[in-house]
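Encoded as structure tokens, the structure appears first; notes follow it.
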2 protein chains.
Amino acid sequence: ISKTRDERPIVLPPHTSESAFETALRELRELLGEEWVKCNDVALVDGDYHAVPLSHDAYHILEQDDLVPSAVCWPKDTEQVATVVKWANRHKIPIWPISIGRNLGYGGSAPRVRGSVVVDLGRRMNRVLDVSEQNAACLVEPGVQYITLYEHLQEIGLGNKLWIDVPDLPGGSVMGNALDRGVGYTPHGDHWSQHCGLEVVLPDGDIVRTGMGALPGTDCWQLFPYGFGPYHDGIFSQSNYGIVTKMGVWLMPNPGGIRPFMATFPREEDLAAAVDALRPLMVQKIVGNVPCLRLGVQDATMYHKKTEFPLRENGLIDRKKAQTMIDKLGTGAWVFYGALYGPDEITAPKFDYIKKALSVVSGAKFYERKDVPSNHYLNDYAKFTAGIPTWRELDRMQFIPNASHLFFAPISAIDGKDALRQSHMCRNRMEEYGFDYLGTFFIGHRAMHHVISFMYDKTDPEMKKRALSCIRALIEDAAKIGVGEYRTHLALQDQVAGTYNWGDGATMRLNEKLKDALDPNGILQPGRSGIWPKRYRGQGWEL
Amino acid sequence: ISKTRDERPIVLPPHTSESAFETALRELRELLGEEWVKCNDVALVDGDYHAVPLSHDAYHILEQDDLVPSAVCWPKDTEQVATVVKWANRHKIPIWPISIGRNLGYGGSAPRVRGSVVVDLGRRMNRVLDVSEQNAACLVEPGVQYITLYEHLQEIGLGNKLWIDVPDLPGGSVMGNALDRGVGYTPHGDHWSQHCGLEVVLPDGDIVRTGMGALPGTDCWQLFPYGFGPYHDGIFSQSNYGIVTKMGVWLMPNPGGIRPFMATFPREEDLAAAVDALRPLMVQKIVGNVPCLRLGVQDATMYHKKTEFPLRENGLIDRKKAQTMIDKLGTGAWVFYGALYGPDEITAPKFDYIKKALSVVSGAKFYERKDVPSNHYLNDYAKFTAGIPTWRELDRMQFIPNASHLFFAPISAIDGKDALRQSHMCRNRMEEYGFDYLGTFFIGHRAMHHVISFMYDKTDPEMKKRALSCIRALIEDAAKIGVGEYRTHLALQDQVAGTYNWGDGATMRLNEKLKDALDPNGILQPGRSGIWPKRYRGQGWEL
Ligand SMILES: Cc1cc2nc3c(=O)[nH]c(=O)nc-3n(C[C@H](O)[C@H](O)[C@H](O)COP(=O)(O)OP(=O)(O)OC[C@H]3O[C@@H](n4cnc5c(N)ncnc54)[C@H](O)[C@@H]3O)c2cc1C
Ligand SMILES: Cc1cc2nc3c(=O)[nH]c(=O)nc-3n(C[C@H](O)[C@H](O)[C@H](O)COP(=O)(O)OP(=O)(O)OC[C@H]3O[C@@H](n4cnc5c(N)ncnc54)[C@H](O)[C@@H]3O)c2cc1C
């Protein structure tokens with residue numbers, strides 16, 4: 001621990017004295033090399049999307065210096081990850097792996113327990129290890145970002161043959177996002193469902209390969225997910241049971257054509273009818289990608305800062321008045337973005353069918369690229385759905401100054417009543433707390449991710465507090481009507497995990513049994529998804 | 001234990017005296033009711049597909065009385081299953097749950113450890129608990145067979161709207177088959193991948209609901225698989241970590257049309273070219289179901305007994321001479337069965353595309369239903385692919401007297417060289433041991449299940465021994481070239497698990513950690529998938 005260049009005192013790991021920590025770090029430096037271990041004594045600078053700090057959560061919702069690590073280290077390969085894990089076990093120091101650390105809205109690069117050591121996997125383990133053109137599959141290390149995978153495919157001349165799935169912004173880790181079960185826009189938009197095969201360092205330092213990877217010499221690791229015996233992969237997502245060092249990902253072969261389109265619905269209440277009309281199109285897979293249905297106002301935040309909107313006295317957007325502005329963008333109260341894949345002969349009749357089906361909503365309008373101006377989001381959407389990264393989503397961050405996101409992201413049935421109920425619930429609660437409701441439904445084949453982007457000014461402590469209270473109230477509101485979140489910010493994981501309490505908390509009992517078996521010293525990501533190891537349990541760590 | 005009506009002495013559970021067992025059974029009878037517990041003292045009658053015994057493995061490959069339970073019990077609901085589990089823990093008696101027990105070829109209804117108590121879930125827990133027409137999903141109990149689910153949908157008037165996936169024979173359990181990761185013929189043919197939500201009784205009697213089921217009041221249990229935190233479902237497949245009492249299943253909405261077809265390839269070596277031509281059709285999802293590529297001779301076993309084939313001196317089918325007979329059936333050396341879904345406008349151009357693609361194999365011929373006689377298998381295939389149960393597969397059991405199946409079922413890449421290599425390896429080894437090679441490749445989007453049906457006369461001890469030695473040799477042959485099985489008979493699970501030994505057996509170490517954590521007394525299915533609880537480990541139980 002270098003005292004001289006301290007800009008900020010280091011937050012020590014729990015139950016660890018300064019001298020014990022010094023000894024431990026010295027050892028870690030010997031194991032990984034001097035330059036691959038750094039104390040977190042730097043000033044806390046939030047940076048921006050392109051420069052995400054490793055010192056703390058850039059989108060802090062608690063105090064800026066609350067969820068901070070004591071140090072960061074950079075292993076170079078799987079063996080070194082195992083070395084770090086064994087080191088953590090010897091010293092009982094909690095570690096927090098990140099692939100890239102751009103989990104903005106869900107905790108960024110920050111650990112849940114103050115003073116944990118962040119293990120930044122992506123910096124040195126960032127190769128695309130394999131691409132199989134014939135099987136449309138690849139094998140990646142943690143540091144492979146969407147943008148780098150995309151560029152790699154271009155470089156090796158397969159960019160036109162194999163498409164990737166990108167989420168809103170391409171700077172995240174293909175692996176980190178899948179492990180947190182994130183979503184994108186193409187038919188491969190459910191990222192977890194499109195992975196195949198993992199290499200995992202377990203919390204005791206043992207290394208496993210899942211599925212066919214357990215078979216020496218196999219050529220099916222990225223081709224067949226299950227292998228023989230229990231299928232383990234799922235327990236390594238949204239958990240603290242292992243550090244993933246390699247992951248197989250299925251790519252999409254060029255479908256021979258794509259037809260992205262937009263449909264607008266004029267009235268807010270149209271949500272119910274639109275969702276009901278969309279359901280059969282999704283269940284029957286007539287729409288083949290993960291389309292989305294977005295609030296018109298949210299769509300407009302792509303083009304306009306909040307100050308350009310007509311506001312009510314309470315400072316919130318006046319939705320009635322805003323309609324004129326939204327109409328100018330050609331957007332309704334709700335706007336649907338979808339895409340059809342295949343040659344024109346296949347997509348043309350499907351598009352006609354969809355237009356007919358959605359026209360049950362009176363006033364529904366349909367647009368293709370040719371119908372909109374060049375700066376229209378539909379053009380970006382066309383890229384997303386073809387797996388081409390864009391940075392357009394960053395425009396949305398201009399909405400308010402010092403904008404941070406928090407995501408409230410409940411799951412909904414593809415059911416008009418359910419969607420409307422959720423939308424009303426969120427709007428009411430958010431407006432009560434002084435926030436604009438900005439929601440998008442990402443629509444799967446049988447359920448929707450209702451992702452509500454909760455924008456706040458992170459330099460405004462009062463606003464942060466309000467945002468946190470509001471989202472806490474929403475989690476409670478939702479649980480009361482049987483609605484639960486698919487993913488949440490570190491600060492809220494205990495609360496959300498607490499709502500998944502069927503059978504008097506049976507799921508958490510199972511989670512804890514697994515945790516204690518795999519991580520008896522409780523060194524790996526204590527508290528992630530609300531799962532606390534034995535050493536931490538019942539000691540007030542929950543938030 | 002009623003002595004008077006003994007037809008056969010009861011095989012006691014390990015480490016259990018007769019009097020301890022008597023006490024335990026008395027208690028179990030009190031818990032479940034006298035009539036719901038029976039000792040296994042009946043004569044061992046193999047029966048047939050329609051009358052599968054609970055007393056032993058009807059397709060025994062070991063001695064007939066090797067894998068026999070001590071008793072069978074019939075819980076009536078989830079709570080009673082938990083009661084049985086707690087009872088087993090108190091008495092340290094191993095239990096073996098079955099849903100239906102028709103796992104023929106993989107162990108039937110038999111437990112792995114002699115003297116286990118079979119828990120027959122299906123007899124009293126056999127309801128379709130829910131069908132959602134709008135979401136194309138249902139919730140089933142263990143005893144729901146394919147045939148009963150099909151009939152239920154007809155009865156409630158949804159048969160035309162919602163299609164199920166059926167495997168070769170519809171008498172198995174929808175749940176039991178999915179838990180063993182079985183395969184069928186429609187786009188939902190990978191049964192495990194189409195389940196959504198489980199209710200599980202853990203080995204300590206605790207009851208969990210996975211995914212959204214952990215959220216009280218949810219309406220998304222059968223709609224969104226993951227929930228929040230670790231996704232557990234996979235560890236309850238092919239494992240001994242829990243007894244599943246409810247399972248959600250996605251159904252297929254009527255696609256508005258279906259076009260089943262057949263393609264034949266004249267020469268055995270055409271396998272490689274055919275597989276290579278099929279791969280892009282699968283990766284690109286132009287063929288949308290789980291099609292299969294079957295050896296012509298195997299196809300012919302649907303119509304002819306072995307004695308009707310021209311045989312060589314060694315008693316094996318003379319493939320050259322058999323060709324005339326096969327040609328008469330219109331079948332090539334290999335025959336491909338596939339189906340396209342949707343209205344004619346969609347399937348017609350696809351069919352043309354496929355015909356062109358497969359015509360790279362010279363002599364390839366194509367058939368639809370109109371081109372074949374009424375008793376042709378293609379007509380049954382048309383039913384399979386529309387989710388309509390048929391019993392036609394039973395015809396194959398006429399091939400030899402007292403026919404039993406054993407399945408050798410390695411996974412292959414969709415790669416001509418790989419497939420040909422596997423096919424040669426199997427043929428050579430099987431012929432060496434005096435068996436006809438009868439193989440089918442079930443083709444997924446990126447890998448194939450190469451299911452080889454190993455037919456033997458179970459009344460012929462020498463032949464049984466030969467079959468067992470042969471399949472053991474094949475497992476070893478396969479492992480040497482990096483090929484592994486997706487599923488196997490009880491008697492072979494130790495061996496197959498032993499081949500998945502990357503990292504010096506890391507997967508089994510993980511399996512055992514989980515086993516010890518979830519089942520400290522080792523009562524649930526000791527030995528399944530080669531996973532032995534602590535109490536059994538290192539005591540020579542492995543086969
Ligand atoms: C404007 C905006 C738009 C966004 N749009 C989307 C979107 O469309 N879809 C979406 O899904 N998200 C979206 N996000 C959220 C987030 O930015 C992305 O999900 C991002 O990909 C996550 O960060 P990451 O990939 O760097 O993962 P990381 O931060 O590296 O990891 C994510 C989580 O997984 C854990 N983890 C990472 N790697 C490993 C490993 N190897 N082993 C074990 N655990 C590991 C980490 O501890 C962390 O909890 C958006 C965020 C913003 C601000
Ligand atoms: C001629 C023939 C053709 C066949 N064709 C096919 C085919 O096309 N596809 C295919 O997949 N199989 C096929 N099989 C194999 C087998 O018959 C089926 O897979 C059948 O569905 C399995 O039996 P079951 O459904 O009764 O399951 P069960 O025997 O009840 O269970 C299967 C396994 O899962 C375990 N299990 C069952 N229920 C539970 C539970 N609730 N909780 C925990 N563990 C449980 C059991 O212990 C057992 O190990 C075929 C067999 C024959 C003889």
Side-chain angles (χ1 to χ4, degrees), chain A residues 134-137 181 202 206-209 212-220 223-224 226-235 237-239 241 253 279 283-284 345-346 349 411 413 446-447 481-482 484-486 496-497 499-500 502-503 506-507 509-511 513-514 516-518 529-531, chain B residues 134-137 181 202 206-209 212-220 223-224 226-235 237-239 241 253 279 283-284 345-346 349 411 413 446-447 481-482 484-486 496-497 499-500 502-503 506-507 509-511 513-514 516-518 529-531:
Chain A
Q134 68 174 39
N135 294 304
R181 299 201 297 255
L202 296 178
D206 209 356
I207 304 168
V208 294
R209 289 189 173 176
M212 297 305 289
L215 192 84
T218 183
D219 56 1
C220 293
L223 305 184
F224 182 69
Y226 307 137
F228 179 78
Y231 174 47
H232 299 112
D233 294 38
I235 64 167
S237 69
Q238 286 196 6
S239 81
Y241 299 157
R279 184 182 51 247
V283 178
Q284 292 171 39
E345 310 89 87
I346 301 281
I411 293 295
R446 284 180 180 76
I481 56 168
E485 291 72 52
Y486 94 99
V496 169
T499 64
Y500 282 78
W502 187 87
T507 293
R509 283 195 298 278
L510 172 57
N511 287 339
K513 261 173 234 163
L514 297 176
D516 293 342
L518 297 174
S529 294
I531 306 167
Chain B
Q134 67 174 39
N135 294 304
R181 301 202 296 253
L202 297 177
D206 209 357
I207 304 168
V208 294
R209 288 189 173 177
M212 298 304 290
L215 192 85
T218 184
D219 56 2
C220 293
L223 305 184
F224 182 70
Y226 307 137
F228 179 79
Y231 174 47
H232 299 111
D233 294 37
I235 64 167
S237 69
Q238 285 195 7
S239 81
Y241 300 157
R279 184 181 52 247
V283 178
Q284 294 172 37
E345 311 89 87
I346 301 281
I411 293 295
R446 283 181 180 75
I481 56 169
E485 290 71 52
Y486 95 99
V496 169
T499 64
Y500 282 78
W502 187 88
T507 294
R509 284 197 297 279
L510 172 58
N511 286 340
K513 263 174 232 161
L514 297 176
D516 292 343
L518 297 173
S529 294
I531 306 168

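Naming convention: chains lettered A, B, ... in sequence-line order (proteins, then strands); numbering from 1 in each chain.
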What option among [options] has the most heavy-atom pairs under 4.5 Å with chain A?
options	value
B:G227, B:S239, B:A517	B:G227
B:D233, B:N511, B:I346, B:I481	B:N511
B:I235, B:L202, B:T507	B:I235
B:A137, B:G217, B:P216	B:P216
B:H232, B:Q284, B:R209	B:R209
B:A136, B:C220, B:G229	B:G229

Contact class of [X] relative to chain B, heavy atoms under 4.5 angstrom:
X	answer
A:P230	both
A:E345	neither
A:I207	both

Among A:G530, A:A497, A:G503, residue most engaged with chain B (heavy-atom pairs, under 4.5 Å):
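Max contact count across the listed options: A:A497.
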
Against chain B, work out which of A:Y241, A:Y486, A:Y231 has the most heavy-atom pairs shorter than 4.5 Å and name it.
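Looking at each option in turn, the highest pair count goes to A:Y231.
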
Just jot down the side chain to side chain contact (heavy atoms under 4.5 Å, CB included) partners of B:N135, sequence neighbours excluded, or say none.
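If we apply the side chain to side chain contact (heavy atoms under 4.5 Å, CB included) test to B:N135, skipping adjacent residues, the hits are A:R279, B:S132, B:L223.
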
Nearest 0.5 Å please: distance from the [atom1] atom of [X] over to the [atom2] atom of [Y].
X	Y	atom1	atom2	value
A:F224	A:T218	CZ	OG1	10.5 Å
B:T499	A:L215	OG1	CG	5.5 Å
A:D516	B:K513	CG	NZ	14.0 Å
B:S529	B:Q238	OG	CD	5.0 Å

Considering non-hydrogen atoms only, spot the tightest contact between B:S237 and B:G234 and give its length.
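Scanning both residues completely, I find the closest heavy atoms to be OG-O, 2.9 Å.
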
Side chain, backbone, both or neither: which part of [X] has a non-hydrogen atom closer than 4.5 Å to chain A?
X	result
B:L514	side chain
B:E485	backbone
B:I531	side chain

Tell me every residue that passes salt bridge (charged side-chain N to carboxylate O under 4.0 Å, His left out) with B:R446, counting only those two or more places apart in sequence or in another chain.
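Applying salt bridge (charged side-chain N to carboxylate O under 4.0 Å, His left out) to B:R446 gives none.
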
Please walk me through it: do A:Y500 and B:M212 pass side-chain contact (heavy atoms from CB on, under 4.5 Å)?
CA-CA 8 Å; A:Y500 282 78; B:M212 298 304 290; 3.5 Å; yes

